[in-house]
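Comments concern the structure below.
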2 protein chains.
Amino acid sequence: MVRKRLDDSHCAVARALNEVGDWWSLMIVLQAMYGVRRFSDFQQALGIAKNILCDRLARLVEHQVLAKVAVGEQGSRHEYRLTPKGRDLFTVVVALRQWSDRWHPDSRSPGMHDRAEGQPLQELYVSSSDGRRLDVRDVILQPADARKDTA
Amino acid sequence: MVRKRLDDSHCAVARALNEVGDWWSLMIVLQAMYGVRRFSDFQQALGIAKNILCDRLARLVEHQVLAKVAVGEQGSRHEYRLTPKGRDLFTVVVALRQWSDRWHPDSRSPGMHDRAEGQPLQELYVSSSDGRRLDVRDVILQPADARKDTA
DNA sequence: GCGATTCAGTTGCGTTTTGCAACCATAGGC
DNA sequence: GCCTATGGTTGCAAAACGCAACTGAATCGC
């Protein structure tokens, strides 16, 4: 999907959504963060149709969120691994997950823990350069305009 | 869109994506954060078809991300305003935007500034309870499983 | 070496979602 | 009453999606 209409958009969020903004793409990235690397494992974990998975993996590789790495004896098998850019989506995933947990308390999410200490993670929040916690209304956002014919 | 398949998923990210995980929904929320409230203004700002906009707004209202507020003389006109839950997506939007800015340096995003001080915002990052900055690999993520037949 | 199996796709086809445009319905101006 | 603006709804074509069946290469069993 992703109707590439806003490819040329100057809006950073629009461009981000162009790369990982459809349902499956972020779920694939999430699975990759869980350690999934093989085509068939993604397929099983997500219950996604193979053609869609193919398409999404290709798109994620194209956008350098994943890298397709040949593996195995004659390079016949391969894996999809997160690139640094892909790993950097971690913040986004954590933000989404924390949002979900805050507003769907019924969720029995196992929670995320620091590997070293076993402690839960801190909640993400937007803060100013001097450390004050900020709400949307405390921030000046300039549209940067979603359409090309900005005006 | 959003094939409600994973509605019953225990995966927090999946449920979040169910509510705001399609292309337009997050763009609408973003516009709302910019201060857009009226149907026609969303339509103009995004260049979205009216039926889709209708559908997305209704879904966002249903999920309590936006609230439809009657306004004007006889309540004929109305506005869509962010609820607290919607405003709380700010972290997600900022995370996405910062990610995009980091990996698309060509982007001339005007940047986001603290209204009080005029300073740019801090970069979001995931941190442990004792403040160490964490990468994906420093965190224990439990799948919580994307499929219902969890096992 | 030969068939069976696994993995990673691709192809076909029918269903669902999009997106565009054109059409209602109500309110207000004049 | 006629015109415009706002906020939708409807119809239809095109694209995306999901399923299942098929391909093609590599590996396994023997």
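A, B, ... follow the sequence lines: proteins, then strands. Residue 1 opens every chain.
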Protein-nucleotide distance ([X], atom [atom1]; [N], atom [atom2]), rounded to Å:
| X | N | atom1 | atom2 | value |
| --- | --- | --- | --- | --- |
| B:Ile28 | C:dT18 | CD1 | P | 12 Å |
| A:Leu46 | D:dC19 | CG | P | 13 Å |
| B:Leu53 | C:dT17 | CG | P | 18 Å |
| B:Ile52 | C:dT17 | CD1 | P | 11 Å |
| B:Trp23 | D:dC17 | CH2 | P | 14 Å |
| A:Asp55 | D:dC17 | CG | C1' | 10 Å |
| A:Gln43 | C:dC7 | CD | C1' | 11 Å |
| A:Phe42 | D:dG18 | CZ | P | 17 Å |

Any idea which of [options] is nearest the [X] side chain?
| X | options | value |
| --- | --- | --- |
| B:Trp24 | C:dA8, C:dG19, C:dT11 | C:dG19 |
| B:Cys54 | D:dT6, D:dT9, D:dC19 | D:dT9 |
| B:Ser40 | C:dG9, D:dG7, C:dC20 | D:dG7 |
| B:Arg38 | D:dG7, C:dG9, D:dC17 | D:dG7 |
| B:Phe39 | C:dG9, D:dG8, C:dG19 | D:dG8 |
| B:Arg56 | C:dA22, C:dT18, C:dG9 | C:dT18 |
| B:Asn51 | C:dG9, C:dC20, C:dC7 | C:dC20 |

### Query
Does A:Arg102 come within less than 4.0 Å of A:Glu123, counting only side-chain N to carboxylate O?
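Salt bridge present between A:Arg102 and A:Glu123.
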### Query
Charged N to carboxylate O under 4.0 angstrom, B:Arg59 versus B:Asp55?
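Yes, charged N to carboxylate O under 4.0 Å.
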### Query
When clusters are formed by joining ILVMFWY residues with side-chain heavy atoms under 4.5 Å apart, either directly or through shared neighbours, do A:Leu121 and A:Tyr125 land in the same one?
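Different hydrophobic clusters.
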Taking only the side-chain nitrogens and oxygens of [X], find out if one of them lies under 4.0 Å from OP1 or OP2 of [N].
| X | N | value |
| --- | --- | --- |
| B:His78 | D:dG8 | yes |
| B:Tyr80 | D:dG8 | yes |
| A:Lys68 | C:dG9 | yes |

### Query
Yes or no on salt bridge (charged side-chain N to carboxylate O under 4.0 Å, His left out) for B:Asp138 and B:Arg132, after CA distance, side-chain angles and deciding distance?
CA-CA 10 Å; B:Asp138 303 320; B:Arg132 281 169 298 115; over 6 Å; no
### Task
Apply the test side chain to side chain contact (heavy atoms under 4.5 Å, CB included) to residues B:Gln64 and B:Glu19: give CA-CA distance (whole Å), side-chain angles for both, the deciding distance (0.1 Å), then the verdict.
CA-CA 9 Å; B:Gln64 310 190 62; B:Glu19 305 198 355; over 6 Å; no
